[in-house]
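When a ligand or atom number is given, it counts from 1 through the structure's own listing order. The structure presented is a predicted model; accordingly, all values stated were derived computationally and were not measured.
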Amino acid sequence: MAADRIARLNIDLHCHSTVSDGTLAPQELIERAHRNGVELLALTDHDELGGLAAATARAAALGLPFVCGVEVSVTWGGETIHIVGLKVDPANAELVRGLASTREGRDGRAREIAAQLEAVGIPEAYEGALKYVGNPQLVSRSHFARYIVETGKCANVSAVFTRYLIEGKPGYVAHRWAQLSDAVRWIVQAGGLAVMAHPGRYRLSDQTRDQLIREFVDAGGRGIEVISGSHAPGMERDYLAVAQRFGLLASRGSDFHGPNESRHDLGAVGRLPGGVLPVWHDWPEVQCLVQ
Ligand code: AMP
Ligand code: MN
Ligand code: MN
Ligand code: MN
């Protein structure tokens with residue numbers, strides 16, 4: 001049956017390039033997705049649209065179905081929440097402006113992170129992180145993590161986060177990102193679908209998480225990642241139930257950042273389960289894949 005085939009497609013709607021904190025250029029990401037057998041890809045850089053033109057062109061040349069995306073950083077109830085926008089118009093002025101304002105504080109924050117790291121014996125971390133940055137407007141904790149691995153203080157990026165970069169650790173700097181309702185509005189008025197990214201990563205009680213999702217839906221949010229490379233095994237059951245309870249469309253994404261860093265390669269996560277509508281169920285790009 002076509003609906004079942006649509007749900008089981010190898011569609012990856014979440015990944016990062018060097019325009020944010022990924023390690024592959026947009027073109028290389030497209031080539032890798034194509035090699036991996038991904039049937040449709042979205043590039044979703046953090047707070048940035050700058051990789052979409054190159055990705056769109058390379059995808060067209062290879063015949064890989066592609067949609068434009070973004071992952072917006074949001075602060076809600078003191079927590080950082082990520083909202084993915086799919087099928088956004090990268091030329092939309094309000095979206096472009098909103099993302100520029102969201103990026104604005106990053107450089108100052110990076111300098112503060114570096115000062116705090118210096119106090120615990122890691123000097124010149126700002127300059128060190130910059131060596132890994134592909135876009136000066138998008139210095140992220142991932143770039144610091146790569147530099148700290150280079151210094152030999154930690155064996156891998158994930159160990160750096162645990163030791164230095166998460167809340168309560170010496171290199172953590174609290175930051176205010178966009179508001180939830182603004183992020184959803186920017187996406188929707190740019191023609192996109194707003195999707196709650198990796199819901200299993202937020203440290204929220206079930207009750208607070210439900211409140212977050214209710215506010216997200218009230219703001220115009222339409223989907224949730226049921227399958228995410230950032231989730232622990234087994235979480236898809238929980239978020240399938242959440243999607244059903246809130247009437248949300250289900251999304252799937254690897255959250256791939258690079259070959260040496262990510263547990264899950266492009267397209268290499270579980271398929272969407274039955275019992276929920278895929279976010280791509282009515283996309284024209286998908287109809288030709290199942291004919
Ligand atoms: P930033 O937007 O600068 O706060 O950086 C957030 C990024 O750091 C996320 O998008 C992930 O790529 C990465 N990240 C966050 N937490 C972890 C973690 N525990 N282990 C590895 N990477 C992480
Ligand atoms: Mn990231
Ligand atoms: Mn994220
Ligand atoms: Mn991501």
Side-chain angles (χ1 to χ4, degrees), residues 12-24 29 42-48 51 69-76 78-86 99 102-114 116-117 125-126 129-130 132-149 154-169 171-178 180 183 194-203 212 224-225 227-232 235 239 251-264 266 269:
D12 189 338
L13 299 177
H14 189 150
C15 66
H16 299 275
S17 78
T18 47
V19 171
S20 64
D21 62 348
T23 64
L24 299 181
L29 211 55
L43 171 61
T44 56
D45 274 314
H46 296 288
D47 309 322
E48 256 291 1
V70 65
E71 181 176 19
V72 187
S73 310
V74 160
T75 301
W76 182 87
E79 285 286 320
T80 299
I81 305 294
H82 286 170
I83 304 297
V84 163
L86 299 173
L99 295 177
T102 307
R103 289 192 302 268
E104 235 164 42
R106 275 194 183 263
D107 190 64
R109 169 192 186 239
R111 290 173 195 274
E112 281 183 55
I113 291 175
Q116 293 185 195
L117 288 171
Y126 179 75
L130 279 190
Y132 293 89
V133 166
N135 168 6
Q137 289 186 36
L138 215 296
V139 190
S140 105
R141 284 183 291 163
S142 303
H143 302 113
F144 281 95
R146 287 175 197 144
Y147 173 64
I148 293 171
V149 171
C154 291
N156 54 53
V157 157
S158 134
V160 180
F161 273 90
T162 308
R163 187 161 158 201
Y164 292 106
L165 297 177
I166 58 175
E167 199 172 345
K169 300 299 166 162
Y172 181 78
V173 171
H175 192 73
R176 270 192 84 94
W177 303 107
L180 177 63
V195 172
M196 171 89 38
H198 43 60
R201 258 198 23 205
Y202 311 128
R203 293 158 315 152
L212 165 67
I224 190 164
E225 288 182 347
I227 299 290
S228 166
S230 285
H231 278 174
M235 278 183 175
Y239 294 99
S251 191
R252 171 181 188 264
S254 61
D255 207 358
F256 179 76
H257 282 72
N260 302 317
E261 247 166 58
S262 293
R263 267 182 299 136
H264 300 277
L266 292 166
V269 285

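- The Mn ion (ligand 3) has an N, O or S atom of His82 closer than 2.8 Å.
- Ser230 and Asp255 share a side-chain donor-acceptor pair at under 3.5 Å.
- To the nearest 10 degrees, the Mn ion (ligand 3) sees OE2 of Glu71 and NE2 of His198 at an angle of 100°.
- One side chain, Asp12 or Ser254, offers a donor N or O that lies under 3.5 Å from an acceptor on the other.
- His143 and Asp21 share no donor-acceptor pair across their side chains, judged by distance under 3.5 Å alone.
- An N or O contact shorter than 3.5 Å links Arg109 to ligand 1 by distance.
- Aromatic ring pairs are classed by plane angle as parallel below 30°, tilted from 30° to 60° and perpendicular above 60°; the pair His198 and His14 is tilted.
- Side-chain contact between Tyr126 and Glu112: absent, with no pair of heavy atoms (C-beta onward) separated by less than 4.5 Å.
- Separating the CD atom in Glu48 from the CD atom in Glu71 is a distance of 13.0 Å, to the nearest 0.5 Å.
- Considering backbone and side-chain atoms together, Asp21 places an N or O closer than 3.5 Å to an N or O of ligand 1.
- One distance of note links CE of Met196 with OH of Tyr202; it measures 6.5 Å at 0.5 Å rounding.
- In this structure, His175 has no heavy atom closer than 4.0 Å to ligand 1.
- As for His257, its N/O/S atom nearest the Mn ion (ligand 2) is the one called NE2.
- The atom name of the N/O/S atom in Asp21 closest to the Mn ion (ligand 2) is OD2.
- Put simply, His16 stays out of reach of the Mn ion (ligand 2), with no N, O or S atom under 2.8 Å from it.
- Counting only residues at least two apart or on different chains, the salt bridge (charged side-chain N to carboxylate O under 4.0 Å, His left out) pairs with a member in residues 135-147 are Arg146-Glu261.
- Close approach of ligand 1 to Arg106 is summarised as follows: ligand atoms under 4.0 Å from at least one heavy atom of the residue are 1 (P), 2 (O), 3 (O).
- Ligand 1 lies within reach of Ser142, whose nearest heavy atom is under 4.0 Å from it.
- Checked by distance only, ligand 1 and His46 come closer than 3.5 Å through their nitrogen or oxygen atoms.
- Summary of contacts: the protein heavy atom closest to atom 13 (C) of ligand 1 is Phe161 CZ, 3.4 Å.
- Looking at Arg141, His198, His257, His143 and measuring to atom 6 (C) of ligand 1, the nearest heavy atom belongs to Arg141.
- Taking each heavy atom of His231 and Tyr239 in turn, the nearest pair found is CE1-CD1, 3.9 Å.
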